[in-house]
Amino acid sequence: MRKIDYHLHTYFSADSQANPEQHILKAIEQQLEEICFTDHNDFIDGWRLQDIDSYLKELFALKEKYKDQIKVKVGIEIGIDMLAQEQSNNYAKQYPFDFVIGSIHTIDLQDITQPSYFENMTKDEAHARYFQAMKDCVTYIDNFDVLGHLDYARRYGPYEDKTINYEIHQPIIDEIFKILISKGKGIEVNLSGIRQFGQSLPGYNQLKRYYDLGGRIITIGTDSHDSQYVGMHVDKAIEMLTEIGFEDITTFTQRQKD
Ligand SMILES: [Zn+2]
Ligand SMILES: [Zn+2]
């Protein structure tokens with residue numbers, strides 16, 4: 001299985017200072033075959049990608065500079081949201097991206113990383129709302145290739161035990177998987193969770209569930225906002241995916257599967 005890192009942020013994202021060339025050098029050192037830059041574009045204040053022209057110009061120049069050492073792709077991570085349905089659908093079409101991650105960072109254009117989002121909701125209610133928003137987005141928004149960090153909501157909320165109760169939420173997660181599979185879209189193994197609490201987003205059981213339902217399109221991403229994390233735990237993800245039965249990871253060029 002090929003070693004890739006398909007989720008990287010740089011100083012073009014509001015929450016990163018990382019230099020994209022440093023990411024590439026780290027990826028070469030880590031012997032990755034391929035990487036994809038996926039800076040943020042969300043549809044709330046402070047999270048839009050500010051300078052798309054410089055983003056494309058700088059990253060395509062780096063792709064060319066390092067082409068004999070590593071495959072570099074240029075993508076984007078879009079914050080999909082039903083209150084920005086049209087923009088979520090149209091944004092990526094305007095630019096020559098190789099790959100698009102669709103992620104739920106906001107619900108009804110409210111930032112779900114903020115504690116205020118969770119006011120007056122139990123954890124199970126908050127998670128039910130999160131998965132319902134995700135189901136709506138994957139149903140009505142088409143312009144992305146893989147769904148980002150399936151169980152991202154587990155990081156947030158004022159709950160002592162932040163874990164997701166999959167017994168309650170499995171039916172809607174299964175529906176989400178089936179919609180993605182029927183649309184020819186995939187999911188990612190997001191490794192930021194391993195760094196933070198020892199488990200990828202999603203973890204083994206949900207990856208296996210996706211596979212058992214017929215899901216084969218899968219990418220691996222560290223979600224690095226700092227070059228020191230590029231490629232970290234990719235081997236672990238490959239081990240897990242191989243054990244489940246996946247034969248390869250998926251890569252993209254100009255929005256088409258390679
Ligand atoms: Zn994200
Ligand atoms: Zn990200």
Side-chain angles (χ1 to χ4, degrees), residues 4-20 22-23 26-27 32 35-50 52 55 59 72-82 84 87-88 91-92 97-107 109-114 117 127 130-131 133-134 137-138 141 143-157 162 164 176 180 185-197 199-203 206 218-234 237 252:
I4 66 162
D5 190 343
Y6 253 47
H7 195 144
L8 296 173
H9 295 278
T10 74
Y11 48 46
F12 289 100
S13 288
D15 58 353
S16 173
Q17 301 295 320
N19 180 316
Q22 293 301 318
H23 278 357
K26 184 70 178 182
L32 300 182
I35 59 169
C36 186
F37 290 103
T38 55
D39 273 302
H40 286 292
N41 185 75
D42 292 67
F43 300 105
I44 56 172
D45 288 346
W47 288 95
R48 288 179 184 80
L49 205 156
Q50 291 299 323
I52 184 73
Y55 179 67
L59 297 185
V72 175
K73 301 288 176 65
V74 181
I76 191 98
E77 179 182 19
I78 289 188
I80 51 178
D81 190 310
M82 284 304 287
Q87 297 169 78
S88 301
Y91 181 81
F97 297 127
D98 288 308
F99 170 65
V100 178
I101 302 174
S103 296
I104 310 290
H105 296 137
T106 64
I107 296 174
L109 297 177
Q110 273 185 281
D111 184 344
I112 64 167
T113 67
Q114 298 305 310
Y117 172 77
H127 289 167
Y130 170 74
F131 287 118
M134 182 177 278
C137 284
V138 301
I141 293 169
N143 210 331
F144 65 94
D145 303 310
V146 305
L147 174 74
H149 41 60
L150 174 84
D151 41 11
Y152 174 78
R154 67 175 283 178
R155 284 194 201 160
Y156 305 103
K162 290 183 166 56
I164 288 170
I176 291 164
L180 289 168
K185 300 187 188 303
I187 63 170
E188 67 160 359
V189 188
N190 186 301
L191 299 171
S192 65
I194 297 194
R195 304 197 298 271
Q196 290 163 359
F197 45 79
Q199 204 179 31
S200 60
L201 300 166
Q206 293 305 317
I218 190 108
T219 60
I220 298 171
T222 59
D223 210 345
S224 293
H225 291 66
D226 187 314
S227 298
Q228 64 174 313
Y229 302 121
V230 174
M232 191 180 271
H233 303 309
V234 167
F252 292 80

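This chain uses plain numbering: 1 for the first residue, then up along the sequence. Numbering of ligands and ligand atoms starts at 1, following listing order.
Because its NZ or CZ atom is both nearer than 6.0 Å to the ring centre of Y229 and within 45° of the ring axis, R195 counts as a cation-pi partner of that residue.
Relative ring orientation between Y152 and H149 is described as parallel, the plane-to-plane angle staying below 30° on a 0-90° scale split at 30° and 60°. Taking the six-membered ring where the residue is Trp, H9 and H225 present parallel rings, their angle staying beneath 30° rather than reaching 60°.
For the pairing with D145, the side chain to side chain contact (heavy atoms under 4.5 Å, CB included) check across F252, F97, Y6 returns one residue only, F252. Here the options are D39, N41, T38, the test is side chain to side chain donor-acceptor pair (under 3.5 Å), and the partner is S13; only D39 passes.
Its N, O or S atom nearest to the Zn ion (ligand 2) is what matters here, and for H9 that atom is NE2.
Protein-derived N/O/S atoms nearer than 2.8 Å to the Zn ion (ligand 1) total 3, waters excluded.
For K185, the side-chain contact (heavy atoms from CB on, under 4.5 Å) partners at least two apart in sequence or on another chain are D142, F144, L180, K183.
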